[in-house]
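As structure tokens, the structure follows; a few thoughts come after it.
Remember, it's a predicted structure, so these values are computed and weren't measured experimentally.
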Amino acid sequence: MKLRHILFTFIIFGSLMSCGGGDSAPTPTPTPVIKTPGKSVLIGPANAKTCEEGTNITPTQSTVTFSWNSASDTERYDLKIINLNTQETIIQSGITTTSTTATLTRGIPYSWMVTSKNKGATSTDSDTWKFYLAGVGVTNYAPFPATALSPLPGATVTPANGKVTLTWDTSDVDGGPLTHTLSFDTVDGKQPPLAANTNLTVKTKEVTVVANTVYYWRVATSDGTNTATSVVYTFKTN
């Protein structure tokens with residue numbers, strides 16, 4: 001009897017073990033892959049456009065419509081508009097369509113760009129376009145303020161034979177010839193320019209520097225009637 005009882009108990013225990021399913025871990029759920037958002041292609045206002053009219057709402061302000069093409073793997077967009085005279089920046093975030101409006105001051109040059117975003121940590125910027133918002137009775141627009149190309153703002157550079165070449169970019173929507181005046185110093189970029197740095201017809205200038213020094217520079221661009229002055233840029237020498 002004892003032997004039968006032992007065998008019966010062993011059979012029951014074995015059956016329970018075989019039906020228990022074991023302790024295997026559940027299959028993990030795959031982490032979804034979030035792709036990098038695509039780059040938006042800007043539509044309007046057109047690049048380097050003069051006399052962007054907008055919709056006049058007061059003698060000094062107009063509503064401007066900004067539009068762009070949809071970007072792949074994108075859930076929302078940020079619009080960034082910069083007043084190129086003052087560097088005042090307007091940002092509209094979380095736009096879920098491909099157009100929006102902004103109220104801006106008339107007779108001012110602006111730049112704008114769109115950033116594509118989704119749930120991921122990476123975003124993608126569009127190109128940057130510029131335009132002039134039409135002002136009252138304006139027949140000649142100032143050039144766009146110069147943008148530093150080299151050295152990049154805040155960069156540390158190694159002089160070549162004690163010299164650094166400054167380069168910048170600007171344009172004139174009226175299409176006329178431009179001259180440039182470079183202010184370059186170690187104070188604030190606003191000191192009186194050297195005679196050799198005035199009435200430049202090219203967008204580059206080689207300057208003499210010393211090591212371990214912070215330099216400030218800005219460019220005033222004239223079309224003969226109006227002048228646009230850039231913000232002050234800086235760089236440091238090794």
Only counting residues at least two apart or in another chain, list the ones meeting side-chain contact (heavy atoms from CB on, under 4.5 Å) with P109.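 P109: side-chain contact (heavy atoms from CB on, under 4.5 Å) contacts with L84, N85, Y132, F144, P145.
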
side-chain contact (heavy atoms from CB on, under 4.5 Å) with A102: which residues, sequence neighbours excluded?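 Listed in chain order: F66, I81, Q92, L104.
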
Taking atom [atom1] of [X] and atom [atom2] of [Y], what is their separation to the nearest 0.5 Å?
| X | Y | atom1 | atom2 | answer |
| --- | --- | --- | --- | --- |
| M113 | K130 | CE | NZ | 13.5 Å |
| K203 | D169 | NZ | CG | 4.5 Å |
| T63 | I57 | OG1 | CD1 | 4.0 Å |
| L79 | I91 | CG | CD1 | 9.0 Å |
| L42 | T128 | CG | OG1 | 8.0 Å |
| L133 | T103 | CG | OG1 | 10.5 Å |

Identify the heavy atoms of [X] and [Y] that sit nearest to each other, and give their distance.
| X | Y | result |
| --- | --- | --- |
| T97 | S99 | OG1-O, 2.9 Å |
| A71 | G38 | CB-O, 3.4 Å |
| P193 | T198 | CG-CG2, 4.1 Å |
| A211 | T237 | C-OG1, 3.4 Å |

Transitive ILVMFWY side-chain link [X] to [Y], under 4.5 Å:
| X | Y | answer |
| --- | --- | --- |
| I43 | V64 | no |
| Y216 | V164 | no |
| I90 | F131 | yes |

Are side-chain heavy atoms of [X] and [Y] found at a separation under 4.5 Å?
| X | Y | answer |
| --- | --- | --- |
| D188 | V232 | no |
| T186 | T213 | yes |
| T179 | L200 | no |
| L182 | W217 | yes |
| T170 | L178 | yes |
| I82 | Y110 | no |
| S70 | Y77 | yes |

Yes or no on side-chain contact (heavy atoms from CB on, under 4.5 Å) for R106 and T58, after CA distance, side-chain angles and deciding distance? CA-CA 9 Å; R106 299 168 63 183; T58 73; 5.9 Å; no

Apply the test side-chain contact (heavy atoms from CB on, under 4.5 Å) to residues K205 and V219: give CA-CA distance (whole Å), side-chain angles for both, the deciding distance (0.1 Å), then the verdict. CA-CA 11 Å; K205 180 65 177 179; V219 176; over 6 Å; no

Quick check: does any side chain N or O of [X] sit under 3.5 Å from a backbone N or O of [Y], one acting as donor and the other as acceptor?
| X | Y | result |
| --- | --- | --- |
| T167 | S150 | yes |
| N197 | T181 | no |
| R218 | T229 | no |
| S126 | V114 | yes |
| D185 | Q191 | yes |
| T204 | L166 | yes |
| T55 | S62 | no |
| T74 | R76 | no |

Could you walk me through whether T208 and K163 pass the side-chain hydrogen bond (donor to acceptor under 3.5 Å, both in side chains) check? CA-CA 5 Å; T208 301; K163 296 182 182 297; 3.1 Å; yes

Using a 6.0 Å cut-off, check whether atom NZ of K80 has over 12 heavy atoms from anything other than its own residue.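 Not more than 12 within 6.0 Å, no.
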
Return the set of residues passing salt bridge (charged side-chain N to carboxylate O under 4.0 Å, His left out) with K190 (not counting sequence neighbours), or none when no residue passes.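 K190: no salt bridge (charged side-chain N to carboxylate O under 4.0 Å, His left out) contacts found.
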
Sort and list the pairs that fulfil side chain to side chain donor-acceptor pair (under 3.5 Å) and have at least one residue in residues 111-120, not counting sequence neighbours. S40-S116, E75-K119, D78-K117, T115-D125

Apply ring pair (Phe, Tyr, Trp, His ring centres under 6.0 Å) to Y215 and list each qualifying residue two or more places apart in sequence or on a separate chain.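 Here the qualifying residues are F184, F235.
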
Going by ring pair (Phe, Tyr, Trp, His ring centres under 6.0 Å), name the residues that satisfy it together with W168, two or more places apart in sequence or in a different chain. H180

